[in-house]
There are 2 protein chains.
Amino acid sequence: MNYKKQLEEYFNEVDARCVLGLSIDCVIFGFYDNQLKVLLLRWKQTEEWGLPGGFIYKNESVDVAAQRILEERTGIKELFLQQFHTFGEDVRYNRQEISQKLSWPDTSSRQWPDRTVSIGYFALVDFSKVAPTADFLTDECRWWDVEKLPSLLFDHNHIVAVALRTLRVQLSWQPVGYNLLPEKFTMPELQRLYETILNRPLDPRNFSKKMRALGIIERLEEQRKGGAFKSPYLFRFNKEKYEKALQEGNLAFS
Amino acid sequence: MNYKKQLEEYFNEVDARCVLGLSIDCVIFGFYDNQLKVLLLRWKQTEEWGLPGGFIYKNESVDVAAQRILEERTGIKELFLQQFHTFGEDVRYNRQEISQKLSWPDTSSRQWPDRTVSIGYFALVDFSKVAPTADFLTDECRWWDVEKLPSLLFDHNHIVAVALRTLRVQLSWQPVGYNLLPEKFTMPELQRLYETILNRPLDPRNFSKKMRALGIIERLEEQRKGGAFKSPYLFRFNKEKYEKALQEGNLAFS
DNA sequence: TAGCTTTATGTATTCCTTACATATTCACTA
DNA sequence: TAGTGAATATGTAAGGAATACATAAAGCTA
């Protein structure tokens with residue numbers, strides 16, 4: 001079978017070129033249709049979904065490797081990318097089960113050690129700029145609603161859960177919206193984003209007041225038409241003020 | 001030379017028994033004499049100091065390995081231990097320089113790869129319960145004032161800096177004092193701890209008010225005598241309330 | 001033009017944060 | 001034993017932030 005052969009070659013290349021026993025898993029968050037989304041890959045010839053991931057070249061910084069993997073998957077070069085946890089349990093998942101699900105060839109001749117430690121990164125991307133791209137290991141790459149993920153391969157459900165928890169904590173420190181929204185957005189959109197991440201409803205009057213008080217967004221004259229209702233104003237982040245406030249640590253949000 | 005022989009054997013054992021290319025570095029914080037301290041080791045027959053660290057057995061969880069390493073260094077079994085960052089730069093330090101400083105034997109026959117990724121943990125310990133213990137690689141193990149660290153081996157100054165930054169952020173989320181102070185402590189002691197970690201002075205009236213408002217400490221009838229001044233009351237953490245508040249996320253501190 | 005949907009917005013209350021100064025206690029010593 | 005010095009304990013007023021809450025306006029559709 002052609003694909004199996006390819007896999008074998010890939011494994012050989014990884015063993016030769018990459019740091020052994022270490023991997024990277026990326027949780028790529030996007031926001032669309034008032035929902036927080038995660039980018040998942042479907043493995044070739046299966047119905048099994050998992051996170052995009054990869055390996056680290058022998059002389060490559062782990063951060064750079066994560067960036068490279070993300071770029072391959074999303075086509076985006078500049079994005080918010082952050083290491084959030086390293087998963088080092090001795091048994092992270094049932095290897096036999098995975099091997100079977102993915103029809104992996106016999107890997108007993110590999111140099112790869114018995115267990116893999118994985119470094120988790122999460123990325124926040126502007127949904128509208130992403131072109132989800134499957135690779136030669138996978139048939140499909142698409143966004144999934146974070147609340148409705150299927151059962152994932154490896155320990156990837158756990159990894160997503162930890163990433164989400166980290167994102168929630170970070171939200172109270174920095175306006176994550178900057179990275180998840182397109183350049184122009186409406187106040188209700190921003191509010192939905194916060195509501196989705198925090199998983200609770202917010203009062204629109206208080207929310208608007210608070211976000212505007214932070215002093216990092218500005219209202220444009222433009223409005224977005226299109227619905228059978230009052231047109232919302234468009235806003236955008238003021239990058240300078242945003243970064244200044246970040247440095248001064250004035251961005252707590254509760 | 002006996003020590004070199006020992007080192008060689010140690011390296012061989014590590015290669016055989018441990019996950020290759022991965023290490024753990026621990027930043028152990030203690031509080032004493034109104035200062036935040038870090039536990040450092042002096043390598044045998046040198047004046048070079050570094051963080052306690054070690055390697056992960058092939059079938060050992062990384063968290064467990066960190067715990068094991070800490071226990072060896074401090075004698076404490078139960079402590080607050082948290083992974084805070086994985087250091088994966090491709091060039092973390094000048095290997096030749098280190099090898100020379102520590103008079104390492106020729107390591108070219110080792111299986112160990114060219115670069116090591118290190119997982120950083122920090123621990124908060126009750127200074128009074130620790131028995132700093134050097135191992136066979138080191139001559140001395142002692143506390144250093146966090147503000148007055150010498151130039152450390154490897155990238156350990158950087159690792160301490162990242163740990164400290166993490167600790168500062170965490171302080172606004174949970175009362176770190178619980179892990180760093182002895183069972184009974186005075187309000188001024190608690191205040192010094194916060195001042196040290198936050199690196200700024202706090203108002204004693206407001207501090208006392210705020211800490212007591214959190215509802216997780218209780219004042220004892222006891223006072224601590226001994227100085228030529230009014231005796232301070234002793235307090236202790238109420239573990240149940242502390243954990244309840246942690247779960248409810250009511251412990252922000254700014 | 002009536003109706004439906006979503007947006008935009010202000011005020012009163014409570015809570016939290018900050019700023020700030022003095023009286024008390026203990027040990028030491030003269 | 002009275003006086004001194006050092007650190008502790010404590011309350012109040014003012015300003016700012018968070019919360020709770022309801023209605024009018026705008027755009028589209030029928």
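- Within the 4.5 Å cutoff, side-chain heavy atoms of Val27(A) are placed close to those of Leu51(A).
- Contact detail for Arg142(A) and Trp144(A): the closest heavy-atom pair is NH2-CZ2, 3.1 Å.
- Note: Thr86(B) OG1 to His85(A) NE2 = 8.0 Å, rounded to the nearest 0.5 Å.
- When each of dT10(D), dT9(C), dA7(D) is scored by its nearest atom to the side-chain atoms of Lys230(B), the top-ranked nucleotide is dA7(D).
- Protein atom OH of Tyr233(A) is 9 Å distant from nucleotide atom P of dG27(D), rounded to whole Å.
- At a threshold of 4.5 Å between non-hydrogen side-chain atoms, the residues Thr186(B) and Leu234(B) count as touching.
- The two residues Ala134(B) and Arg73(B) come nearest to each other via the heavy atoms C-NH1, 4.0 Å.
- In this structure, the nucleotide among dA8(C), dT8(D), dT6(C) sitting nearest to the side chain of Met187(A) is dA8(C).
- With DNA chain C read from its 5' end, the first of the two nearest nucleotides for Ser231(B) and Phe229(A) is the one closest to Phe229(A).
- Residue Arg224(B) is classed as having no contact, given no heavy-atom separation below 4.0 Å to the nucleic acid.
- Here dT9(C) presents its C1' atom at 10 Å from CZ of Arg219(A), a figure rounded to the nearest Å.
- The nearest whole Å value for the distance from the CZ atom in Arg200(B) to the P atom in dA19(C) is 10 Å.
- For the pair Trp49(A) and His156(A), the minimum side-chain heavy-atom distance is 4.5 Å or more.
- Distance CG (Leu234(A)) to C1' (dA8(C)): 14 Å, rounded to an integer number of Å.
- Counting heavy atoms from C-beta outward, Val130(A) and Ile76(A) have side chains that approach closer than 4.5 Å.
- An OP1 or OP2 oxygen of dA24(D) is reached within less than 4.0 angstrom by no side-chain nitrogen or oxygen of Arg205(A).
- At whole-Å resolution of the value, CD in Gln191(B) and C1' in dA7(D) are 12 Å apart.
- Rounded to an integer number of Å, the gap from Lys225(B) NZ to dA9(D) P is 12 Å.
- Between Gly226(A) and Pro204(A), it is Pro204(A) whose nearest contact on DNA chain D lies nearer the 5' terminus.
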Tabulate protein N/O versus nucleotide N/O from nucleotides 12-16 of chain D, keeping only pairs under 3.5 Å, one per line.
residue : atom : partner   : partner atom : Å
dT12(D) : O4   : Lys209(B) : NZ           : 2.8

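- Side-chain contact between Tyr121(B) and Gln67(B) is absent, with no heavy-atom pair separated by less than 4.5 Å.
- Comparing Ala228(B) and Asp203(B) along DNA chain D, the residue whose closest nucleotide (by nearest heavy atom) sits nearer the 5' end is Ala228(B).
- Looking at Leu70(A) and Val125(A), their side chains never come closer than 4.5 Å, going by heavy atoms from C-beta outward.
- Proximity of Lys210(B) to the phosphate of dC16(C): no side-chain N or O atom is located under 4.0 Å from OP1 or OP2.
- Across the protein-nucleic acid pair, Leu202(A) atom CG and dT7(C) atom P stand 14 Å apart, rounded to whole Å.
- By the 4.5 Å heavy-atom criterion applied to side chains, Arg68(B) and Glu72(B) are counted as neighbours.
- Gln223(B) places its CD atom 11 Å from the P atom of dA27(C), with the value rounded to the nearest Å.
- Rounded to 10°, the helix from dT1(C)-dA30(D) to dA30(C)-dT1(D) has 0° between the axis fitted to its first five pairs and the one fitted to its last five.
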